[in-house]
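See below for the structure under consideration.
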Amino acid sequence: MAARNYPELLDLSLAQVARLIRRRELSPVEVTEATLTRIGAVNPKLSAFITVFEEQARQVARASEMLMMAGHDLGPLHGVPIALKDNVATKGQRTTAGSKILADWLPESDATITSRLRRAGAVFVGKLNMHEFAWGGTSDNPHYGAVRNPWNTDRFPAGSSGGSGAAVAARACFGAIGTDTGGSIRLPSAINGIAGLRPTYGRVSNHGIVPLAWSMDTAGPMARTVEDCALMFGAFAGHDAADPASANVATHDYLARLGDGVEGLRIGIVPGYFFHHLQPPVHAAVTAALKTLEGAGAHVVEVPIDNIHGNISAQLTIESAEPSTYHQRWLRERPGDYGADVRSLLEVGEMLLATHYLQAQRYRTLLRNEFLEAFKKVDLFLCPTLPFTATPVGATKVVIENGVEEDMLSAIMQYTGVPSLTGLPALAVPCGFDADGLPIGMQLIGRPFDEATLFRVGAAYQALTDFHTRAPKV
Amino acid sequence: LNVEGLVPALAQAADLALDAERAAVVGELLAAWLPAANELSRKMSALEHQTLLPATVFTHASADVDG
């Protein structure tokens, strides 16, 4: 296996690395060493990792190399360096969920997603920083440091999977696992200029993942290309008897249709919502993306969703009440061990009425029914991932238009709340940059369990654009 | 929305200790969220939505029925 220089290696996509390793043209040891060197260089600036598995990663990489040279192929991720959000359990290794409360937790077993990635041959290089207990969208973590955006370290990486987004964008791993309740994969994907999938609810096992809101929690892949996400997703999607919410629905070959293009596909937009109330550069970039797909043969169809307004309130109600239930004991026994923002959100979640919660859950049924009806007219929906680009680290307000300051938490979920409430899959894909060089992402929303179409459209878009190939200079 | 007296009462109902400083912080959030939550409750109480079930019920998938 010929030696390569590190920057060249790190610019390869996850899928390229996986192919080179399987052809024995790249050594798992070499690519892991390059990744660890990169982590050492960027993590002091980004605080993207809570734990780095230096020695373990080297050992696994050496074993991977020996197995490959002996003709033993572990699977599609054989020898590929990957990192996990720190709310995903790793047997015997600290899993903090970004919290002080779980700072010393050593899980007795792997999460299902962890064990499936191990079986597919992944080399884990570390555990990623995040918003404390995933309850927030900034990744401004009071216990492990504020994660910073590699495109501009004065800006936030969004969240809650902020470490995952920052690490992937900074070439500190080839792919990462994120979790998404209200947007926590899609938001940091968009803000860091990478791709990320929130799967259909129930498609990926949550067993062994520290919960945020049981009825909306999902886990999914984050990587620089849509192909990378599809490759990772195929390694861990599918039914798991250990997760009572897991869906027993057949998975697909998620790489098979990546080259099929978008000719004849119908892309829906929701008038009066999907392109309203967003910063002008975001509007311009997502509109241009729509035109690119139209130019490739897709048809754009306006489909009203009568009751789409109200989704942010429903999201806030459910995403407050459920975590407050999970955290009820700790909130009484160790309130001072929470960061200020998460403590306040957990406390306010105890103030909502049962009727508020159940009306919000009934609203989900209404909204889902409307989207399922709309899918008779379109194959997917397209909208911005969020209405603004990266804000300064520490900001709790954001200006979207007309100089009006808005609460960050409500504003950031303007578009990501819809798939979260309806359980539909959604893929964030980078689609531009603002004048300050900060990434912009679009969100593709699909039918239940039709992640394959999202990957197909995302891959078609990336075949026509180069936003995903640009690298931050951190 | 004035939540000044509401937050201590709700905290007491939930058996959650909140000092005045905490109550003020929580009150600010609650005051921002409750109007929208009540508006959503009004929407969902409308006759046209009366038959909708919450998204939390058991769905009895065919696999369960078939054993």
Side-chain angles (χ1 to χ4, degrees), chain A residues 201-202 214-216 239 241 244-249 306-307 309-318 320-322 324 328 331-333 335 340-341 343-369 406-407 409-410 421-423, chain B:
Chain A
Y201 180 79
W214 299 286
S215 71
M216 293 191 294
H239 182 247
S246 175
N248 199 353
V249 177
D306 291 341
N307 288 291
H309 293 280
N311 77 82
I312 294 174
S313 175
Q315 177 79 17
L316 288 172
T317 296
I318 296 163
S320 299
E322 293 188 15
S324 295
Q328 203 158 35
L331 188 60
R332 282 154 181 76
E333 293 177 356
D341 64 331
R343 180 178 174 181
S344 299
L345 289 166
L346 292 174
E347 287 168 342
V348 81
E350 298 224 16
M351 307 282 140
L352 297 166
L353 302 178
T355 46
H356 289 137
Y357 176 76
L358 284 165
Q359 293 292 28
Q361 291 287 23
R362 293 179 70 241
Y363 170 78
R364 293 178 71 175
T365 304
L366 174 66
L367 189 62
R368 179 178 167 89
N369 288 347
E406 299 181 34
D407 173 63
L409 187 60
S410 300
L421 289 166
T422 55
Chain B
L1 181 67
N2 183 359
V3 296
E4 198 176 334
L6 185 61
V7 172
L10 286 169
Q12 191 179 7
D15 195 20
L16 178 67
L18 279 189
D19 61 24
E21 190 184 340
R22 298 299 315 155
V25 172
V26 171
E28 196 178 326
L29 276 173
L30 198 62
W33 290 10
L34 274 184
N38 286 332
E39 188 182 329
L40 188 68
S41 292
R42 277 193 292 276
K43 177 203 283 272
M44 296 313 301
S45 301
L47 187 61
E48 64 192 286
H49 302 319
Q50 199 170 24
T51 59
L52 288 172
L53 297 176
T56 50
V57 298
F58 290 113
T59 52
H60 297 301
S62 57
D64 301 333
V65 177
D66 297 342

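Sequence lines set the chain letters: A, B, ... in the order given, protein chains first and strands last, and positions in each chain run from 1. Scope of the values below: all heavy atoms of this structure, side chains included, with no hydrogens, waters or symmetry mates. These figures come from a predicted structure and were not determined experimentally.
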Any sub-3.5 Å donor-acceptor pair from A:R362's side-chain atoms to B:H49's backbone N or O? yes

Hey, are A:Q359 and B:S45 close enough side-chain-wise for a donor-acceptor pair under 3.5 Å? yes

Apply the test side-chain contact (heavy atoms from CB on, under 4.5 Å) to residues A:H356 and B:N38: give CA-CA distance (whole Å), side-chain angles for both, the deciding distance (0.1 Å), then the verdict. CA-CA 7 Å; A:H356 289 137; B:N38 286 332; 2.6 Å; yes

Pairs of heavy atoms under 4.5 Å with chain B: top-ranked of A:S410, A:S344, A:A340: A:S344

Tell me whether A:T365 contacts the main-chain N or O of B:L52 through its side chain, where contact means a donor paired with an acceptor under 3.5 Å. no

Taken in chain and number order and not counting sequence neighbours, the residues that satisfy ring-ring contact (aromatic ring centres under 6.0 Å, His included) with A:H309 are A:Y273

Write down the atom of A:G310, the atom of B:L40, and the distance for their closest heavy-atom approach. O-CD1, 4.0 Å

Output, in order, the C-alpha distance, side-chain angles, deciding distance and verdict of side-chain contact (heavy atoms from CB on, under 4.5 Å) for A:T355 and B:S41. CA-CA 8 Å; A:T355 46; B:S41 292; 5.5 Å; no

Heavy-atom contact with chain B under 4.5 Å, split by part of A:A360: both

A:N307 portion near chain B, given a 4.5 angstrom heavy-atom threshold: both

Sort B:V25 into side chain, backbone, both or neither according to what part of it lies under 4.5 angstrom from a heavy atom of chain A. side chain

Roughly how far, to the nearest 0.5 Å, is CG of B:L34 from OG1 of A:T317? 8.5 Å

What part of A:R343 gets within 4.5 angstrom of chain B, counting heavy atoms only: side chain, backbone, both, or neither? both

Pair up each side-chain donor or acceptor in residues 4-21 of chain B with any protein partner under 3.5 Å, not counting sequence neighbours, and list the distances.
residue : atom : partner : partner atom : Å
B:D19   : OD1  : B:E21   : N            : 3.2
B:D19   : OD1  : B:R22   : N            : 2.7

First locate atom CD1 of A:I312, then atom CH2 of B:W33, and finally report the distance between them rounded to the nearest 0.5 Å. 12.0 Å

